[in-house]
Trainee: 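Shown below is the structure under consideration.
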Amino acid sequence: MSAAVDSLAQTAAAPFPWDAVWGQTEAVETLRAAAADPAALAHAWLITGPPGSGRSTLAYAFAAALIADPGDEAAQRQVLARTHPDLTALRTEQVVIRIDEARRLVERASFAPSLGRHRVIVVEDADRMAERTSNVLLKALEEPPEQTVWVLCAPSDADLLPTIRSRVRVLRLREPSVADVASLIVERTGVPADVAEESARHAQRHIGMAQRLATDDDARARRAETLSAVLAVRGISDAVEVAGRIVRLATDDAKALTATRDEEERRSLLRTLGVAEGAAVPPSVRGQLNALEDDQKRRATRSLRDGIDRVLTDLQSLFRDVVMLQYGRDGDLVNAERIDDLRSLAAEWTPARTLGVLDRITDTRRNLEQNAAPLLALESLLITVANGSAP
């Protein structure tokens with residue numbers, strides 16, 4: 001048995017509430033020890049790891065172990081369900097975490113636990129805090145009440161300000177292999193092994209995205225269409241047309257992810273307000289409905305930007321494969337089923353041109369983080385793909 005598979009087997013054997021954490025044996029052992037021994041418990045933690053590595057799953061397992069008494073499975077399940085009064089959780093549905101959300105976290109952090117052993121504050125998207133928002137948390141992280149524990153999650157400690165990093169204990173998660181992720185997807189979904197392997201490869205070991213690709217034919221088709229369109233770009237007119245197509249595909253993908261949830265939230269709010277299904281919305285509740293719709297629009301904006309970011313990740317994998325071939329390496333390609341197209345492009349371009357495109361992808365991602373218009377940002381990128389130079 002390989003070391004990776006052995007690690008997964010050990011993690012799978014971890015007791016509740018740690019049993020849902022996959023492939024992170026060392027991290028689980030560290031946090032189990034911290035939850036059991038006050039001398040090993042830091043007041044603030046930062047869990048880092050690549051997307052899909054299980055940061056939030058581990059954070060909530062840790063919260064359950066901190067809040068509930070050992071063996072109190074009912075309380076642990078309440079924490080995992082995000083309903084325990086001593087847990088405060090933030091996963092922003094918007095592009096960034098707002099400063100008022102950070103202030104509410106700080107206020108909650110000052111309360112003593114009401115039922116459990118600790119009060120735990122989990123911030124799933126700590127990398128989405130602007131500098132001003134981060135500064136709101138600084139004093140709370142530096143001097144929290146004795147029974148309050150902060151757990152931040154981010155892809156990398158470099159995504160946070162140095163002042164934040166200096167106040168937390170960093171726990172870095174391992175990245176699973178393609179084979180590990182494919183095995184898990186087969187176990188969870190029952191999809192054929194070849195579909196699971198391709199999905200794990202395309203998702204670059206992101207477990208959640210791999211599972212979605214494996215079980216969603218439309219998502220796989222949208223990815224394939226996007227890459228085929230980009231490989232066919234040869235001029236500026238192609239770049240403009242394909243950029244528009246990518247935005248449309250990303251919009252469709254975002255709508256597929258959010259439409260059902262939006263409608264259910266609307267129905268739930270109306271039921272709570274006593275409005276029968278299909279009845280006219282009375283003026284007295286329109287304000288609350290409008291507030292919900294505003295939140296949903298902000299979430300849709302984030303979902304679209306996340307979708308564009310996934311496209312950029314896919315394009316990065318495509319041109320990374322081209323560079324690998326240009327330097328004589330073909331054993332670890334993300335898009336191995338496109339080997340003929342990749343070899344053709346590798347022969348047509350110089351390595352410098354391919355690396356230039358990869359740099360432009362990084363620039364495009366940065367520009368989008370600074371609220372550049374997605375269509376214009378993608379047009380600029382694809383013009384570089386078309387002619388090898390920045391517009």
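Reckoned from all heavy atoms, side chains included, excluding hydrogens, waters and symmetry mates.
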Trainee: Looking at every non-hydrogen atom in both residues, tell me the closest pair between A224 and R338 and how far apart they are.
Mentor: O-NH2, 3.0 Å
Trainee: Measure the spacing between CZ of R188 and CH2 of W22 and express it to the nearest 0.5 Å.
Mentor: 8.0 Å
Trainee: Any non-hydrogen side-chain atom of R174 less than 4.5 Å from a side-chain atom of Q24?
Mentor: yes
Trainee: Check R220 against A214 and note the closest heavy-atom contact, atom names and distance.
Mentor: NH1-O, 3.1 Å
Trainee: Got I383 and S380 here, is their nearest side-chain heavy-atom distance under 4.5 Å?
Mentor: no
Trainee: Pick one: which of D217, D314, D216 meets salt bridge (charged side-chain N to carboxylate O under 4.0 Å, His left out) with R223?
Mentor: D314
Trainee: Given salt bridge (Lys or Arg N to Asp or Glu O under 4.0 Å), test D332 with R205 step by step and report yes or no.
Mentor: CA-CA 13 Å; D332 186 29; R205 300 179 293 278; 5.6 Å; no
Trainee: Given the rule that I, L, V, M, F, W and Y join up when any side-chain heavy atoms are under 4.5 Å apart, are I207 and V334 in one cluster?
Mentor: no
Trainee: Can you tell me how far apart CG (L342) and CZ (R320) are? Round to the nearest 0.5 Å.
Mentor: 10.5 Å
Trainee: A side-chain contact here means heavy atoms from C-beta on lying under 4.5 Å apart; do L227 and L315 qualify?
Mentor: yes
Trainee: Show the nearest heavy-atom pair for residues V191 and A196, with the distance to one decimal.
Mentor: CG2-CB, 3.9 Å
Trainee: Donor-acceptor pair, distance only, cut-off 3.5 Å: does the side chain of T354 make one with the backbone of T350?
Mentor: yes
Trainee: Under 4.5 Å between any side-chain heavy atoms of S317 and N335, yes or no?
Mentor: yes
Trainee: For E107 and R103, what are the C-alpha separation, side-chain angles and deciding distance, and is it a salt bridge (Lys or Arg N to Asp or Glu O under 4.0 Å)?
Mentor: CA-CA 6 Å; E107 181 182 0; R103 287 174 176 149; over 6 Å; no
Trainee: Donor-acceptor check, side chain of R132 to backbone of M129, threshold 3.5 angstrom: yes or no?
Mentor: no
Trainee: Below 4.0 angstrom, N of the basic side chain to O of the carboxylate: do E369 and R365 qualify?
Mentor: no
Trainee: Between S344 and D340 (side chain of the first, backbone of the second, donor and acceptor by atom type, cut-off under 3.5 Å), is there such a pair?
Mentor: no
Trainee: Restricting to non-hydrogen atoms, name the atom on A210 and the atom on A203 that form the minimum distance, rounded to 0.1 Å.
Mentor: N-CB, 3.4 Å
Trainee: Tell me if the CD atom of E146 is crowded by more than 12 foreign heavy atoms within 6.0 Å.
Mentor: no
Trainee: Closer than 3.5 angstrom, by distance alone: can the side chain of R305 be matched with the main-chain N or O of L368 as a donor-acceptor pair?
Mentor: yes
Trainee: Where is the tightest heavy-atom contact between I164 and L160, given as atom of each residue plus distance?
Mentor: CG2-CD2, 3.3 Å
Trainee: Do Q78 and I67 have side chains that get closer than 4.5 Å, going by heavy atoms?
Mentor: no
Trainee: Give every donor-acceptor pair under 3.5 Å between a side-chain atom in residues 47-66 and any protein atom, sequence neighbours left out.
Mentor:
from: S53; atom 1: OG; to: P50; atom 2: O; distance (Å): 2.7
from: R55; atom 1: NH1; to: G49; atom 2: O; distance (Å): 2.5
from: Y60; atom 1: OH; to: E124; atom 2: OE2; distance (Å): 2.7

Trainee: With a 4.5 Å limit on heavy-atom distance, are the side chains of V322 and Q326 in contact?
Mentor: yes
Trainee: With no hydrogens and no angle check, is any side-chain donor or acceptor of E379 less than 3.5 Å from a backbone partner on A239?
Mentor: no
Trainee: A side-chain contact here means heavy atoms from C-beta on lying under 4.5 Å apart; do D330 and R343 qualify?
Mentor: yes
Trainee: Could you give the distance from OG1 (T226) to CZ (R222), rounded to the nearest 0.5 Å?
Mentor: 9.0 Å
Trainee: Which pair of heavy atoms, one from D86 and one from G116, lies closest together, and at what distance?
Mentor: OD2-N, 2.5 Å
Trainee: Take atom CZ in R286; do more than 12 heavy atoms of anything else shown fall under 6.0 Å from it?
Mentor: yes
Trainee: Does R82 have more than 12 heavy atoms from other residues, nucleotides or ligands lying within 6.0 Å of its CZ?
Mentor: yes
Trainee: Using a cut-off of 6.0 Å, state whether more than 12 heavy atoms not belonging to L115 lie near its atom CG.
Mentor: yes
Trainee: Tell me, do I308 and T364 make a side-chain contact under 4.5 Å, heavy atoms counted?
Mentor: no
Trainee: Does V311 share a hydrophobic cluster with L213, counting links as ILVMFWY side-chain heavy atoms below 4.5 Å and allowing steps through other members?
Mentor: no
Trainee: Can you tell me how far apart OG1 (T384) and CG (L358) are? Round to the nearest 0.5 Å.
Mentor: 11.5 Å
Trainee: Would you give me the side-chain donor-acceptor pairs under 3.5 Å for residues 30-40, sequence neighbours excluded?
Mentor:
from: T30; atom 1: OG1; to: E26; atom 2: O; distance (Å): 3.1
from: D37; atom 1: OD1; to: A39; atom 2: N; distance (Å): 3.0

Trainee: Drop me the distance from T88's OG1 to R108's CZ, to the nearest 0.5 angstrom.
Mentor: 4.5 Å
Trainee: Taking NZ, NE, NH1 and NH2 as the nitrogens, is one of them in R201 or E197 under 4.0 Å from a carboxylate oxygen of the other?
Mentor: yes
Trainee: Would you please name every residue forming a salt bridge (Lys or Arg N to Asp or Glu O under 4.0 Å) with E73, sequence neighbours left out?
Mentor: R77
Trainee: Taking D306 first and then R310, would you say they form a salt bridge - that is, a charged N and a carboxylate O separated by under 4.0 Å?
Mentor: no
